[in-house]
Amino acid sequence: MPELPEVETVRRGLDRLIVGRKIRTVLVRESPNSFPNAIADVENFVLNASVMAVGRRGKMLLIDLSSGYTLMTHLRMTGQLVFVGYERFGAGHPSNSLVGRLPDKSTRVAIEFSDDTHLYFNDQRRFGFMKLTPTAEVLNDSFMRRVGPEPLEGTFTAEDFIGRMRRRNNTSVKAAILDQSVLAGVGNIYADEALWAARIHPATRVRNVSDAQLADLLAEIKAVLTLSIDKGGSTNRNYVNAEGKKGSYMDFARVFRRQNQPCLRHPDVLIEKIRVAGRGTHICPVCQVEVIE
DNA sequence: CACTTGACCTGTCCGC
DNA sequence: TGCGGACAGGTCAAGT
């Protein structure tokens, strides 16, 4: 599921909902990925610790605890982090809502806070993980060492982006912007959206994209990520925020999952779905023409 | 080294 | 209904 806007939406929700709460119990369901740490570490460094801050780097969530440890959490394709407070007992919450049904069969980790509220890590496909790392060693994590700049930070310039893209001159421009070491946070949805906006065919080799086009592409990446954060992210299938609610960006999507619907620039032309870089890819065949040298 | 492909899992959808 | 296959928001380990 989650790309930068979805992970940032979850982060903002958790920042509001769990900071300051103290962990009373942690239940880990058998899973190859969640909590590979020794149980003793969980008991020593998670139980009775309080949540100090919730950060994000690319698609990685960083839940800092008062014990000096961080819960590094990656949602991968279908992960969810949902806080359940007291509302499940209150009026106005339909019993069939996700919040009302948690935990469920895809719950991998259940954290109970000392005030009887809960945080559930749900993950249908079990690609995601939650792992305990000393906060001082978070930056040594292999993902953290390799991940590229945050696209929405002002210090990330077009020159930086062009330089990083040029190292991937021989691959498709879509594969390049999906590469988290080039820049952080772009996934399949926003790659397609930004490439349509910049009028670049996703299969075009980077070497055949001009510097001016790359600068334009970065501007469109920033614009689409910003818009999506504003809409609470995209719910294509499973994504929900920290309150179990869906995002609305898909109502604004211009190409993603709009195959066989008209291009917003060319009402007579239908969006096509093709395969690029091993991923389902949506294009307007008129706006986006592959440049082959 | 750069680049591509398959694997990791579970669930859903589509065609027969 | 049932069954097989393709596909799904990400990343990494192998392969070429």
Side-chain angles (χ1 to χ4, degrees), chain A residues 1-11 29-34 36 56-61 72-81 98 104-109 121-131 141-148 163-195 202-208 221 224-225 228-229 231-241 246-253 255-260 273-282:
Chain A
M1 67 172 206
E3 307 180 29
L4 188 153
E6 291 74 36
V7 179
E8 176 60 17
T9 301
V10 171
R11 188 201 69 74
R29 186 166 293 172
E30 185 176 2
S31 161
N33 291 332
S34 297
R56 176 188 64 75
R57 185 71 175 86
K59 302 172 191 172
M60 184 82 78
L61 279 163
M72 299 185 71
T73 304
H74 201 303
L75 304 176
R76 291 283 177 95
M77 297 284 263
T78 55
Q80 304 171 328
L81 272 176
L98 176 61
D104 65 18
K105 69 176 182 176
S106 65
T107 301
R108 313 256 75 93
V109 179
F121 175 50
N122 264 32
D123 187 11
Q124 179 184 95
R125 290 174 74 178
R126 303 203 284 174
F127 291 165
F129 61 83
M130 211 179 218
K131 67 177 178 181
D141 172 86
S142 63
F143 176 92
M144 296 293 284
R145 290 164 70 111
R146 295 182 42 200
V147 68
R164 287 169 171 276
M165 290 291 280
R166 291 297 173 210
R167 293 183 216 163
R168 305 295 311 276
N169 249 344
N170 255 343
T171 194
S172 66
V173 62
K174 177 161 178 177
I177 61 174
L178 288 175
D179 183 342
Q180 301 298 296
S181 72
V182 171
L183 81 169
V186 174
N188 206 36
I189 296 175
Y190 305 110
D192 284 5
E193 293 289 290
L195 287 163
T204 307
R205 303 285 112 177
V206 174
R207 68 172 121 77
N208 292 323
I221 288 171
V224 73
L225 295 178
S228 184
I229 290 171
K231 301 302 177 189
S234 298
T235 296
N236 180 17
R237 290 192 149 78
N238 298 282
Y239 168 74
V240 293
N241 66 15
K246 297 178 178 182
S248 67
Y249 177 83
M250 289 301 288
D251 295 340
F252 302 84
V255 286
F256 192 81
R257 272 200 137 192
R258 290 195 65 246
Q259 61 268 30
N260 303 319
K273 186 170 183 182
I274 61 176
R275 190 155 278 268
V276 176
R279 314 294 300 276
T281 298
H282 309 76

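In what follows, chains carry the letters A, B, and so on, assigned in the order in which the sequence lines appear, proteins first and then strands, with residues in each chain numbered from 1.
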task = Give me the ring orientation class for A:Y190 and A:Y249: parallel if the planes are under 30° apart, tilted from 30 to 60°, perpendicular past 60°.
result = perpendicular

query = Starting at CG of A:D123 and ending at C1' of B:dT10, how long is that distance when rounded to a whole Å?
reply = 10 Å

query = So does A:R257 get a side-chain nitrogen or oxygen closer than 4.0 Å to the phosphate oxygens (OP1/OP2) of C:dA8?
reply = no

key: Complementary nucleotide of C:dA14, counting Watson-Crick and G-U pairs under 3.5 Å   = B:dT4

request  = Before giving the answer on side-chain contact (heavy atoms from CB on, under 4.5 Å), spell out for A:D104 and A:L98 the whole-Å C-alpha distance, their side-chain angles and the decisive distance to 0.1 Å.
outcome  = CA-CA 9 Å; A:D104 65 18; A:L98 176 61; 4.3 Å; yes

request  = Among A:K246, A:E6, A:R257, find the residue that satisfies the side chain to side chain contact (heavy atoms under 4.5 Å, CB included) test when tested with A:N236.
outcome  = A:R257

message = Can you confirm whether more than 12 heavy atoms, excluding those of A:R166, are under 6.0 Å from its CZ atom?
response = yes

inquiry  = Base of B:dC9, side chain of A:R126 - is there a donor-acceptor contact under 3.5 Å?
reply    = no

query = Which whole-number value in Å describes the distance from A:R76 CZ to B:dA7 C1'?
reply = 12 Å

request  = Take A:R205 and A:N169, measure what side chain to side chain donor-acceptor pair (under 3.5 Å) needs, and give me the verdict at the end.
outcome  = CA-CA 7 Å; A:R205 303 285 112 177; A:N169 249 344; over 6 Å; no

Side chain of A:F127 - closest among C:dT11, B:dG11, B:dC9 = B:dC9

message = With a 4.0 Å limit, can you tell me whether A:Q180 has a side-chain N or O closer than that to the phosphate oxygens OP1/OP2 of C:dG10?
response = no

inquiry  = Distance check needed: C:dC12 C1' versus A:D179 CG, whole Å only.
reply    = 12 Å

A:Q124 CD - C:dA8 C1' separation (whole Å) = 9 Å

query = Do the side chains of A:P5 and A:S234 get nearer than 4.5 Å, heavy atoms only?
reply = no

task = Would you indicate what A:S234 reaches in the nucleic acid, counting non-hydrogen atoms under 4.0 angstrom: base, sugar-phosphate, or nothing?
result = base

message = Using whole Å, what does the distance between atom C1' of nucleotide B:dA2 and atom CZ of A:R164 come to?
response = 17 Å

request  = Return no unless some side-chain N or O of A:H74 is found under 4.0 Å from OP1 or OP2 of C:dT11.
outcome  = yes

note = Between CZ of A:F129 and P of B:dC8 the distance, given in whole Å, is 18 Å

request  = Would you mind reading off the distance between A:N188 atom CG and C:dT11 atom P, rounded to a whole angstrom?
outcome  = 11 Å

query = P atom, C:dT11 versus B:dG11: distance in rounded Å?
reply = 22 Å

Which residue lies more 5' along DNA chain C, comparing A:R146 with A:R125 via nearest heavy atoms = A:R125

Output a table of nitrogen or oxygen pairs between the protein and nucleotides 4-6 of chain B separated by less than 3.5 Å.
| from | atom 1 | to | atom 2 | distance (Å) |
| --- | --- | --- | --- | --- |
| B:dT4 | OP1 | A:R205 | NH1 | 3.2 |
| B:dT4 | OP2 | A:T171 | OG1 | 2.5 |

Nearest-angstrom distance from the residue atom CG of A:L183 to P of C:dT11 = 12 Å

query = A:R275 near the nucleic acid: base, sugar-phosphate alone, or nothing, with a heavy-atom cut-off under 4.0 Å?
reply = sugar-phosphate

request  = Name the nucleic acid region contacted by A:F256, choosing base, sugar-phosphate or nothing; use a 4.0 angstrom heavy-atom cut-off, strictly under.
outcome  = sugar-phosphate

ask   = Does the pair A:K131/A:D141 count as a salt bridge with the N-to-O cut at 4.0 Å?
value = yes

ask   = Looking only at side-chain N and O atoms, does A:K273 come under 4.0 Å of OP1 or OP2 in C:dC7?
value = no

message = Does A:R76 form a side-chain contact (heavy atoms from CB on, under 4.5 Å) with A:F129? I'd like the steps, not just the answer.
response = CA-CA 8 Å; A:R76 291 283 177 95; A:F129 61 83; 4.0 Å; yes

